[in-house]
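Working notes, beginning with the structure itself.
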Protein chains: 2
Amino acid sequence: MDKPIDLVIVDSVLDAIADQRLRAGTKLGEQALSDLFGANRALVRRALAQLTAYQVVDHLPNRGAFVATPTPDDARNVFQARRAIEATICRNAVRQADEADLADLRAHLAAEAAAHGDNRPSAVRLSRQFHLLLARVGRNPVLSRYLEELVMRSSLIIGLYAARQGVLCAEDDHSRIVDAIAARDEALALRLLDQHLRQIEAGVRFGDVPPVTGALSAMLQRPGE
Amino acid sequence: MDKPIDLVIVDSVLDAIADQRLRAGTKLGEQALSDLFGANRALVRRALAQLTAYQVVDHLPNRGAFVATPTPDDARNVFQARRAIEATICRNAVRQADEADLADLRAHLAAEAAAHGDNRPSAVRLSRQFHLLLARVGRNPVLSRYLEELVMRSSLIIGLYAARQGVLCAEDDHSRIVDAIAARDEALALRLLDQHLRQIEAGVRFGDVPPVTGALSAMLQRPGE
DNA sequence: GTAACATAAATTGTTAACAATTTTAAGAAC
DNA sequence: GTTCTTAAAATTGTTAACAATTTATGTTAC
């Protein structure tokens with residue numbers, strides 16, 4: 001159970017970014033992380049290098065590591081990449097999903113429905129994880145890994161630029177996609193997913209970027225389910 | 001001109017892998033790399049971490065870093081990902097290529113023709129770089145980065161499993177793709193590219209994996225153009 | 001000759017101290 | 001009060017020494 005400490009740091013930061021607790025531009029100081037996770041500086045450094053490779057952290061020489069601030073161009077490119085990759089993932093899912101996969105997807109939809117309105121951070125997290133679950137059903141780890149990174153960057157973009165409301169994926173979209181997959185209707189599933197992604201992208205409004213404030217420790221603390 | 005030494009190491013290794021001088025399974029010892037590049041061990045370590053993130057190096061705890069050995073499953077997944085990503089790249093290229101881009105592509109074709117038969121390592125390198133050039137024309141750095149990684153892994157797969165002949169992309173394929181792009185014939189360009197990639201994949205024959213031998217220094221030495 | 005075991009060498013992993021750079025703060029000049 | 005200069009503090013970057021693990025070597029028993 002005790003996985004490498006540097007992976008714990010990476011996961012915590014990614015989780016915090018995905019949940020929009022860590023905002024773009026936040027400084028990730030080595031000492032601060034070192035204290036928070038009880039790891040020595042070399043491990044923190046390794047974790048930050050991995051996050052930099054994922055493109056969710058910018059590393060400025062002699063200045064330190066900061067949560068990346070995606071540009072509008074980045075946003076367009078990230079969403080185009082998601083459409084390309086998730087289309088193939090979706091096609092795989094339609095062709096390969098077995099009963100167990102469909103049960104998993106439906107269970108996830110139920111969890112989303114339960115969290116909707118009830119618990120906002122949890123709802124956002126589930127909404128995001130739906131796409132990763134779909135990737136798992138697609139059974140191509142190469143594409144899954146890319147999608148993980150893209151979902152992360154999407155969260156960062158949405159956190160930076162999204163109009164206050166309408167951030168959530170309509171859960172209805174997700175359930176209709178699952179229905180199409182269960183019906184083995186490839187064309188429909190692909191169309192619904194593409195529309196869904198375009199709708200999310202349409203929700204971002206570039207402009208004012210509010211400044212960063214607050215303590216790192218609070219941001220990395222995961223709120224209760 | 002003097003870029004960070006760890007990037008030099010990463011690029012050298014990637015180049016050697018792509019050119020099939022570094023074979024799968026080769027051990028990349030820290031001391032050996034340290035001596036070869038005149039860098040201290042910390043920098044070598046950082047370079048190896050980046051290569052691990054690119055999935056072209058496997059890191060075994062307390063054992064060291066080895067050039068990855070892709071499985072047949074990996075191969076299938078990598079090539080499917082390539083088809084998905086390069087299709088979108090190609091569509092972008094058809095829509096956005098300007099005269100300068102087309103000139104670049106044609107110049108590259110000429111270089112490929114010149115190296116064909118003449119100089120084998122150079123021909124392989126150019127053949128591989130064609131796909132990266134296409135990605136640049138597509139103007140989506142996110143997709144370009146993924147393709148870079150996939151091309152690398154493809155080279156590794158081809159180096160491991162390819163039937164001795166037929167490794168090279170038919171240069172004819174490349175030139176017909178450029179023609180289709182110049183003619184703004186999206187459907188044709190997509191079909192040609194997809195066929196091209198499937199043909200490359202069809203050239204790999206899983207089976208005997210010859211053992212690794214030889215000195216690291218020789219493998220990292222780049223043969224003359 | 002082979003197998004098992006013990007020892008030595010080599011390699012990776014970790015830690016801490018030191019150097020270089022940047023950021024912050026304080027003080028003087030205007 | 002603002003701005004420039006200077007010093008202090010904090011942070012990042014680098015290096016080297018030490019610890020732990022694995023690999024190689026050599027010896028002994030059978």
Side-chain angles (χ1 to χ4, degrees), chain A residues 2-10 12-13 22-69 211-220, chain B residues 1-13 22-69 211-220:
Chain A
D2 51 282
K3 59 180 170 182
I5 191 83
D6 58 333
L7 271 193
V8 173
I9 298 176
V10 169
S12 294
V13 171
L22 263 182
R23 298 182 51 80
T26 307
K27 166 142 196 186
L28 299 172
E30 295 184 3
Q31 192 64 47
L33 291 173
S34 198
D35 293 345
L36 270 171
F37 291 93
N40 62 30
R41 219 151 59 81
L43 290 172
V44 169
R45 203 160 241 279
R46 190 185 309 172
L48 290 174
Q50 293 180 47
L51 290 166
T52 302
Y54 285 153
Q55 307 257 91
V56 296
V57 160
D58 281 340
H59 185 95
L60 310 185
N62 291 318
R63 303 274 314 279
F66 300 83
V67 177
T69 302
V212 173
T213 79
L216 200 57
S217 58
M219 300 178 189
L220 287 174
Chain B
M1 179 126 198
D2 52 284
K3 58 180 171 181
I5 191 82
D6 57 334
L7 271 194
V8 174
I9 299 176
V10 170
D11 287 347
S12 294
V13 172
L22 263 182
R23 299 181 52 80
T26 307
K27 166 141 195 185
L28 300 172
E30 296 184 3
Q31 191 66 46
L33 291 174
S34 199
D35 294 345
L36 271 171
F37 291 93
N40 62 29
R41 221 151 59 81
L43 291 173
V44 170
R45 203 158 240 279
R46 191 186 308 171
L48 289 174
Q50 291 179 47
L51 290 166
T52 302
Y54 285 153
Q55 307 258 90
V56 295
V57 161
D58 280 340
H59 185 94
L60 311 185
N62 290 319
R63 304 275 314 277
F66 300 81
V67 178
T69 300
V212 173
T213 81
L216 201 56
S217 58
M219 301 178 188
L220 288 173

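Side chains are part of it too, since the values below use all heavy atoms of this structure and drop only hydrogens, waters and symmetry mates. In what follows, every chain begins at residue 1, and chains take the letters A, B, ... in the order their sequences are listed.
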> Given the rule that a pair is Watson-Crick or G-U wobble with both distances under 3.5 Å, how would you write DNA chain C in dot-bracket, using | for pairs to a different strand?
Replying inline: ||||||||||||||||||||||||||||||

Starting at [atom1] of [X] and ending at [atom2] of [N], how long is that distance when rounded to a whole Å?
X: Gln31(B); N: dA16(D); atom1: CD; atom2: P; value: 12 Å
X: Glu30(B); N: dT12(C); atom1: CD; atom2: C1'; value: 6 Å
X: Leu60(A); N: dT11(D); atom1: CG; atom2: C1'; value: 13 Å
X: Leu33(A); N: dT12(D); atom1: CG; atom2: P; value: 9 Å
X: Phe66(B); N: dT11(C); atom1: CZ; atom2: P; value: 12 Å

Would you tabulate the pairs of protein nitrogen or oxygen atoms and nucleotide nitrogen or oxygen atoms of nucleotides 19-23 of chain C closer than 3.5 angstrom?
unit_1  : atom_1 : unit_2   : atom_2 : d
dT23(C) : OP1    : Arg63(A) : NE     : 2.1
dT23(C) : OP1    : Arg63(A) : NH2    : 3.0

Distances under 3.5 Å only, N/O to N/O: pair up the protein atoms with those of nucleotides 6-10 of chain C.
none

>> Using the side-chain contact (heavy atoms from CB on, under 4.5 Å) definition, which of the options Val44(A), Leu28(A), Leu36(A) pairs with Ile9(A)?
In response: Val44(A)

> side chain to side chain contact (heavy atoms under 4.5 Å, CB included) between Val13(B) and Val56(B): does it pass, once the steps are laid out?
Replying inline: CA-CA 10 Å; Val13(B) 172; Val56(B) 295; 5.9 Å; no

> In residues 45-54 of chain A, what residues come within less than 4.0 Å of DNA chain D, judged by heavy atoms?
Replying inline: Arg45(A)

> Among all residues two or more places apart in sequence or in another chain, which pass the salt bridge (charged side-chain N to carboxylate O under 4.0 Å, His left out) test with Arg41(B)?
Replying inline: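 Salt bridge (charged side-chain N to carboxylate O under 4.0 Å, His left out) check on Arg41(B) returns Glu30(B).
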
>> Which residues pass the side-chain hydrogen bond (donor to acceptor under 3.5 Å, both in side chains) test with Asp58(B), not counting sequence neighbours?
In response: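 In terms of side-chain hydrogen bond (donor to acceptor under 3.5 Å, both in side chains), with neighbours along the sequence ignored, Asp58(B) is linked to no residue.
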
>> Show the nearest heavy-atom pair for residues Phe37(B) and Ile5(B), with the distance to one decimal.
In response: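 Heavy-atom minimum between the residues: O-CD1, 3.7 Å.
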
> Which nucleotide, dT12(D), dG13(D), dG13(C), lies nearest any side-chain atom of His59(B)?
Replying inline: dG13(C)

